[in-house]
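Working notes, structure below.
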Amino acid sequence: MSFKHKDYAGWGRALRASGAVARPDRASALAALPAAPAFGMRRSYGDAALNHGGRAIDMSGLDRFLAFDAGTGILELEAGVRIGDVAAAFAPRGFLPAVMPGTGFATIGGCIAQDVHGKNHHHAGSFGAHLAEITLWQGGNLVTVLPGTALFRATVGGLGQTGTILRAKLRLAPCTGTVMLVTERRARDWEQHLSLLDSATATHAVGWIDATATGAQIGRGIVEEGELARGLVTQRPKAAKVPLDAPQFALSAPVVRAFNAAYYARVPAAGRTVLRPLADFFFPLDRILDWNRLYGKHGFHQFQCVVPLQAAGALRKMLERIATSGLASPLAVLKRMGPGRAGYLSFPMEGYTLAVDFPNRAAARDLIRVLEEDTTDAGGRLYFAKDALAEGARIAAMYPELDAWRQEVAKADPARAYETDLVRRLKLRSP
């Protein structure tokens with residue numbers, strides 16, 4: 001196994017790296033490599049998976065299911081397994097991952113390193129809450145990491161800085177159906193949008209928000225509530241592929257406003273309830289392969305923050321900035337989150353999270369920096385899986401357990417072999 005030169009990027013394609021990359025397909029091949037940052041499918045939007053000018057290890061070849069205990073629901077699997085493949089393989093057997101992010105292409109290692117959350121965070125907490133064990137390849141040794149330990153809290157949400165995540169034991173949840181019963185309702189404005197999210201009774205809930213609406217319609221959107229169900233739905237069509245980078249005008253302000261108006265109108269005023277395939281509900285954008293190319297060759301940035309419940313007014317002001325900027329894309333999501341988080345640097349907190357995509361332009365970058373200031377002032381935090389622009393000075397206030405994380409990382413990686421571009425940019429590790 002050898003390293004080969006590779007140019008690569010995060011999913012947003014705005015930040016890129018060039019360096020030596022190896023892709024082992026066996027644990028023994030990984031063991032023969034020098035320590036280096038690891039990545040999976042690179043579905044983090046910014047530079048969390050990048051190590052420009054240095055070595056990196058692509059873990060996507062270590063993608064095997066290793067063992068499953070139907071009595072406990074515990075699945076042992078390698079870090080390169082995609083979360084969508086787990087859902088596809090085990091839903092027919094009556095099990096699902098308890099927490100799934102918005103793309104099925106995220107690997108188990110990535111889900112651990114970012115402590116991802118799903119549309120059911122208010123019920124199930126974050127991904128790390130459902131891990132029974134993690135195995136790290138650390139400094140030439142296999143290290144078993146168990147819940148309740150400081151090393152576990154530093155590893156889950158820890159951006160791969162405690163060692164290479166090799167495999168894990170994931171506690172799957174019983175699956176009561178193989179389709180989703182989804183209720184869609186229009187939210188006419190910000191207040192109703194929050195009210196529908198606050199009063200949601202289903203296990204899964206998410207809001208699409210029209211980030212171009214202003215005035216009395218600001219915050220309008222569609223709230224979806226979903227429950228597992230039994231039934232038959234039409235087969236999900238084969239994913240389409242974006243063949244080339246879209247021109248800049250494809251996401252111009254008039255086009256986005258027109259698309260958002262049509263998307264809002266697709267749900268009847270009285271709402272509706274429909275059956276959908278699991279993947280359509282959990283991973284809607286996976287129906288379009290390489291959808292990041294819709295933002296053109298310069299890529300895009302996503303701003304995602306979470307603020308406490310009492311700071312909902314501050315979040316509305318952020319949305320007003322976005323809506324009047326003419327920069328937002330059709331991809332904007334609002335969710336209610338619970339308190340569940342498993343790691344020192346885990347993103348979730350009880351509150352509301354807003355995520356909005358922007359084409360990579362100077363005006364958008366300036367806007368995002370203002371939104372980051374607003375987030376700090378509101379007592380919120382930014383999501384490392386989406387961030388590409390923040391500066392390290394704000395992070396300590398957002399993540400009060402940063403020092404505890406630093407202590408564990410210093411013990412796990414004194415040679416700083418696992419540092420990535422994001423870790424350096426945000427100065428996360430101690431000087």
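As a basis for the values below, the full set of heavy atoms in this structure was taken, side chains included, without hydrogen atoms, waters or symmetry mates.
In this structure, Y8 has its ring center closer than 6.0 angstrom to the ring center of F39. A distance below 6.0 Å separates the ring centres of F90 and F68. Close placement of the F300 and Y45 rings is indicated, their centers lying within 6.0 Å of each other. The distance between the ring centers of F384 and Y399 falls below 6.0 angstrom. A ring-centre distance under 6.0 Å is found for Y383 and H117.
Across all non-hydrogen atoms, the minimal contact from R82 to G104 is CB-O, 3.4 Å. Pairing each heavy atom of S430 with each of R406, the nearest pair is OG-CD, 3.4 Å. Between A314 and A378, the closest heavy-atom pair is CB-CB, 3.8 Å. The minimum heavy-atom distance linking A91 with L96 is given by the pair CB-CD2, 3.9 Å. Nearest heavy atoms, Q161 versus E419: OE1-CA, 3.4 Å. When all heavy atoms are compared, the tightest approach of D357 to Q302 is OD1-NE2, 2.6 Å.
No side-chain donor-acceptor contact under 3.5 Å links S346 and S126. Of the N and O atoms on the side chains of N360 and H301, at least one donor lies less than 3.5 Å from an acceptor on the other residue. Checked by atom type, the side-chain pair H5/S18 shows a donor-acceptor distance below 3.5 Å. A donor-acceptor pair shorter than 3.5 Å cannot be found between the side chains of N51 and T420. No side-chain N or O of T203 forms a donor-acceptor pair with one of N120 less than 3.5 Å apart.
Counting heavy atoms from C-beta outward, L319 and L334 have side chains that stay 4.5 Å or more apart. A 4.5 Å side-chain heavy-atom check between R230 and V179 finds every atom pair outside the cut-off.
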| request: Just do the side-chain hydrogen bond (donor to acceptor under 3.5 Å, both in side chains) check on T135 and T144 with the steps written out, would you? | output: CA-CA 5 Å; T135 300; T144 299; 4.7 Å; no
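If you take CZ on R272 and CZ on R186, they are separated by 10.0 Å, rounding to the nearest 0.5 Å. In this structure, CG in D387 is found 6.5 Å from CD1 in I395, a value given to the nearest 0.5 Å.
More than 12 heavy-atom neighbours from other residues, nucleotides or ligands sit within 6.0 angstrom of CD on E191.
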